[in-house]
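Side chains included, hydrogens not; waters and symmetry mates left out as well; all remaining heavy atoms used. Numbers restart at 1 for each chain; the letters A, B, ... are given by sequence-line order, proteins then strands.
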Amino acid sequence: MLEASFLHLPATEHVELAPQRAIVSIAAFKNMEAALHEAVTLPVTPHYAFGEDVMFLWSGPGTWLAVSEDPGLEARIRHLANGLAAITDQSDGRAILRVSATVAKLQKLVPIDLHETVFAENATALTLAGHIPVQIWRTKDGFELCCFRSFAESLYHSLVEACEV
Amino acid sequence: MRLASGGVIDRTKILNFRFDGKTYQGFAGDTLASALLANDVKLVGRSFKYHRPRGVLSAGSEEPNALVELRAGAHREPNTRATVAELYEGLEARSQNRFPSLKFDFLAVNGLLAPVFAAGFYYKTFMWPASFWEKLYEPMIRRAAGLGRNAGLPDPDVYEKSIAFCDVLVIGGGAAGRAAAAEACRAGGRVILADENAPGADIEGVVYLPRSTVFGVYDGGTYGAVERLADHLPAAKGPRQRFWKIVAKRCILASGAIERPMVFGNNDLPGVMLAGAVEKYIFGYAVSPGRNGVIFLNNDDAASLIPILNGSGINLAGIVDSRPKSSPLVREAALEASTPLFAGSVIRQALGGLSVAGVEITTSRGQNIKLDCDFVAMSGGWNPAVHLTSHLDGKPVWDEKIAAFVPGALPPGMEVVGAAAGLGINANIVPLWSVKNAGAKAFVDFQNDVTAADIRLAKQEGFAAVEHLKRYTTLGMATDQGKTANVNGLALMAEATGKTVPETGTTRFRPPYTPVAIGALAGPHRGKNFKPTRRTPTHDWAAGLGAVFVETGLWLRAQYFPQSGEDWLAAASREVNAVRNGVGICDVTTLGKIDIQGPDAARFLESVYTNSWVNLPVGRARYGLMLREDGFVMDDGTTARLADNHYVMTTTTANAAKVFQHLEFCHQWLWPELDVCFCSVTDQWAQIAVAGPRARDTLAKLVDAPFDISNAAFPYMAAGALSICGGTPARLFRLSFSGDLAYEVAVPARYGAALARALMEAGAEFGITPYGTEALGVMRIEKGHPAGAELNGQTTAHDLGLAKLLSKKKDFVGRALATREALTDPARPTLIGLKLVNAGDRLRAGAHLLPQNVPAVAANDQGFVTSVAFSPTLGQWIGLGLLQNGPARLGEIVRVYDPVRNGDTLAEVVSPVFVDPEGVRLHA
Amino acid sequence: MRIKCPYCGERGLEEFLYHGDATVARPRDGGVVATEEWTDYVYLRENPNGTHRELWYHGAGCHAWLVVTRDLRSHEIFGVEAARDVALAR
């Protein structure tokens, strides 16, 4: 096997790279959404939900991201989806950064209302962080931001500048 | 002068500051203006056009006169209003627009030439000769006029940007604003209060932004504001300013009102000030502008100043009330203060040299009386600050009773309270727009030196419409945007034309309300952070080998890998030779990769590509051409079929996002019945091109058995999934951009760097060489492959020699308009190759192609050179170009004309495929 | 301007790309020849002094194409629909 190398971004007080996880994109085929929901519990609004050890995040109309520590995630999802959806591995295509700063600091980059009354736990959104498209969601300890892998270093630097002031 | 007591200043904190090189002292809580007045500094600037001596007029951001240069070096900021600059220890300020000094300014002679410099003079003078304009007149005018000097150095400060959401945004922290904010908070909901001034008391539950100016109202309940975090400090420790985008469901505008000057002769002398400002300086800063004052008013509001002056021990030489019988309120106040009251009278002109020394009054009976004084407090009434109400097309309306414009139609979600709504101002006002027979210049717009006479002149010359008045006289322009001038100006125009004020109307107010530093708009997005940088999975590996990188859109790509002493040309040539004679590797991850799945995937490809796809077998790739609906080429790429309903499309690097958007458009809007899904996998897969005669030999070492990459089993354009290096999942595509035997290997991005190292090791015995975008470009030019320079949005399939890819059997985006005669005309500039007649010459992209022996003029222009490269294979510069009727002119010698870079040479028109035209190497 | 994406909620203009007129329909004759109907579809546009229907792309969000009904003078937005739904209903 070729040696795997991952991004290395030193953790700061408020910003760190999340540990590598499996990420899979699920996109329902035409008229298959109802059947898909019977196989997997998928959020129909911009939220995320857990199914065993897998987090399912709404990621656009008829689209979801599945995130899990299980490296065999893609095969499991493919089996579950059983031809009802397009399954694409994104484990290397995306990077996830964890932020434990205040909402005020994040609002320097993210143009949507992150106030807890509006963006509560289990909420997720597809938006921007500065000039970088991201999917953001709220966790118990703060936020996670998911971007295309090649943007990760730039996103990291923007977040550090905004949060470590 | 400073009064012995009073003022909201901290007399225990003494601050030293310098103005025009001289040191003074003030207190914490002073503004620069209040501190200067406390030190009896009356002269603070020279006016824009006439260089007349000027002093502080107001106590707020509407100040037109006291514009100073603050700070030094790269931090130097011109046109800072001294009335809002908070004093700090060591503050350094300089007056502007004067030479050699404020007291003695050479250009004050402009005043003598006043008749020449009347309104609109630059439209009537400096006209002839026309050639003198650029070389003499304009530089002369620029030197003589102008407000302040820019630092000329990059802004060294740091700026922040942020967004804030709320239910109610209250603009203005005066009494009305604070009350509105407190109430909105009590009603529940998120409240933001923004106020221009230094911090006052907090209001519980309200997000309070002091030192913040809301400068603009935008669509969708969006507001722009700038918060000044450090302008009141000697140095900024963090960001200097913060730009806020505020999204509010409702807005309460409590911006107050701005006082109007009275228009009389020499009303611009230092010491002549707005009455409200005098009151503010006394109350707020314990500063009086002088010891012996005169009040000139036309309404009751300024009456409050009378007992204040009296109570502060300042002498009031007289009160001049232009209203015929004055008013009970003013009469009583005058009596209480034992001050002479001149009812039905006007100040005809102020008298003095560098500051006011007295006034000439014309009484109701026509008598002329002189009064000594060292300051004048004038009140022409108040204008509600309605600017923000009209940013979104709102029009203020004239309220005849208070002789002022009040808010009319409002932006959605906005309400107005307090003085800004016209409440509690201009009691018993009888407007006096100007004093007749002033006998000296009577100023309407102090910042732009526009007088009452200029307004009459504008009307005389036919510029009576209020928008023309502004542009012809410059009334209302520059940094104060006419805050103290506009209403007086248009009211005078109304008088001159015999119209009413509402008939005359106002000019439109636009954002920003006050100037906004460009740095605040940029925030953190400047320099390297202007846009994000995207790196490939092999970036560090390439950097370790000394690669020089080039920006391709947001990506950094290795451009060439110089070995000791090589320049870019030598490195690229060596890399090309290494590929053509052995093998090389190049990271091609950046080209867009789109995963396409679904029962209708093939039908979808048929619709977006010009050529045929339904018959592409599993395990094959095909070149695809994509047009815009107007028939011009949009992008090209290769798409591989990995399974029945599974394809991977590639695009050019530059167009990846645009193509993805196009596919979504075609799917969601044009053909929503098709069952197909897309997912960007550009970042998921690291992709490396392996090119050259020894490419197969190199790869064979990495491919896991039993996968067969022999020519028979894996021919040109084959594609498939496999495993390499003992179990690493991979995809292999036999594509060639270089024209040599070539493959592209894709692995999940985490293995990209390791793949590069493994390939280098496997190919070491064949002299494997990493190559960059420079060599990549040379080789594709040698093979005549169109790329970005040829896919410039103005070329068609016919132009590029790809007409055979336009299917005749099916509809596709661009099909219809691509058939237009003008797009298929062979006389169009069409792709050809260019080979220099003199091999030692240089070809440059952008040079024009003309026939020989005709004048080099546009009428004879027949095309241009699109791409050039030094071909080590041919040992000379070669190029691709677009030439009228190109393919029919092979063998012809054309002139390559490049006047901008002094190039003028001859080239032979040849086939664009310079190397291996039969494609033997490709199919090896 | 703020646009209420039916999937994501109200967002600022920076997340969207403007495409153009949503009232023009691609001719369904296969596009063999560049008829007047085709050139009109590609080049001719109304510029109404009032309400218009336009195509916008939520590029920095959910990637949905949207049909926005908007007053071109006041920028007031009266409705936002998923383009796919509008297209399927044609």
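With respect to chain A, the highest number of heavy-atom pairs below 4.5 Å among B:His646, B:Glu673, B:Lys245, B:Lys528 belongs to B:Glu673. Comparing A:Arg94, A:Met32, A:Lys108 by heavy-atom pairs within less than 4.5 Å of chain B, the highest count is held by A:Lys108. Highest contact tally toward chain B, considering only A:Glu3, A:Gln107, A:His157, is held by A:Gln107 [criterion: heavy-atom pairs under 4.5 Å]. Contacts with chain A were tallied for B:Lys531, B:Glu160, B:His525; B:His525 has the most, counting heavy-atom pairs under 4.5 Å. When each of A:Ser154, A:Ser150, A:Ala162, A:Ser158 is scored by its heavy-atom pairs under 4.5 Å with chain B, the top score falls to A:Ser150. Listed options B:Ala686, B:Pro748, B:Gly752 were ranked by heavy-atom pairs under 4.5 angstrom with chain A; first place goes to B:Pro748.
In this structure, SG in A:Cys147 is found 9.5 Å from CZ in B:Arg534, a value given to the nearest 0.5 Å. Going from atom SG of B:Cys679 over to atom CG of A:Asp89 covers 9.5 Å, rounded to the nearest 0.5 Å. From B:Cys166, atom SG reaches atom CG of A:Asp113 across 9.5 Å, with rounding to the nearest 0.5 Å. Rounding to the nearest 0.5 Å gives a distance of 10.5 Å between CG of B:Asp595 and CD1 of A:Ile87.
Judged by distance alone, the side chain of B:Thr728 and the main-chain N or O of A:Leu2 form a donor-acceptor pair under 3.5 Å. Side-chain N or O atoms of B:Asp675 include none that pairs as donor or acceptor with a backbone N or O of A:Phe29 at under 3.5 Å.
Put simply, the side chain of A:Val118 reaches to within 4.5 Å of the side chain of B:Arg190, judged on heavy atoms. Side-chain contact check for A:Met1 versus B:Tyr751: some heavy-atom pair is nearer than 4.5 Å.
More than 12 heavy atoms of other residues, nucleotides or ligands lie within 6.0 Å of CD in A:Glu164, so this atom counts as buried by the packing criterion. In this structure, A:Lys105 places its NZ atom where more than 12 heavy-atom neighbours from other residues, nucleotides or ligands lie under 6.0 Å away. Enclosure of atom NZ in B:Lys701 by more than 12 non-hydrogen atoms of other residues, nucleotides or ligands within 6.0 angstrom is indicated. Within a 6.0 Å radius of CD in B:Glu551, no more than 12 heavy atoms belonging to other residues, nucleotides or ligands are found.
A pairwise comparison of heavy atoms in A:Asp92 and B:Arg750 identifies OD2-N, 2.6 Å as the closest pair. Between B:Ser680 and A:Gln90 the shortest heavy-atom distance is O-NE2, 3.4 Å. Heavy-atom minimum distance, A:Ala86 versus B:Cys677: CB-CB, 3.9 Å. Scanning all heavy atoms of the two residues, the minimum distance from A:Gly93 to B:Gln684 falls at N-OE1, 2.8 Å. Scanning all heavy atoms of the two residues, the minimum distance from B:Pro532 to A:Ile132 falls at CG-CG1, 3.6 Å.
Within the 4.5 angstrom heavy-atom criterion, atoms from both the backbone and the side chain of A:Ser91 approach chain B. In this structure, the portions of A:Ser5 lying under 4.5 Å from any heavy atom of chain B include both its backbone and its side chain. The contact between B:Arg757 and chain A is made entirely by side chain atoms (from C-beta outward), counting heavy-atom distances below 4.5 Å. In this structure, the portion of A:Glu153 lying under 4.5 Å from any heavy atom of chain B is its side chain and not its backbone. No part of B:Thr682 comes within reach of chain A, as not one of its non-hydrogen atoms sits under 4.5 angstrom from that chain. With a 4.5 Å cut-off on non-hydrogen atoms, B:Leu554 touches chain A through its side chain but not through its backbone. For chain A, no part of B:Ile596 is nearby; none of its heavy atoms comes within less than 4.5 Å. For A:Ile112, the part lying near chain B is the backbone, with the side chain staying farther off; criterion is any non-hydrogen pair under 4.5 Å. For B:Trp685, no part lies under 4.5 angstrom from a heavy atom of chain A. In this structure, the portion of A:Phe6 lying under 4.5 Å from any heavy atom of chain B is its side chain and not its backbone. Looking at A:Ala95, there are no atoms closer than 4.5 Å to chain B (heavy atoms on both sides), in backbone or side chain. Only the side chain of A:Glu161 comes within less than 4.5 Å of a heavy atom of chain B; its backbone N, CA, C and O stay farther away.
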After noting the C-alpha distance and the side-chain angles of B:Val676 and A:Lys30, does the key distance pass the side-chain contact (heavy atoms from CB on, under 4.5 Å) rule?
CA-CA 8 Å; B:Val676 61; A:Lys30 192 166 131 189; over 6 Å; no

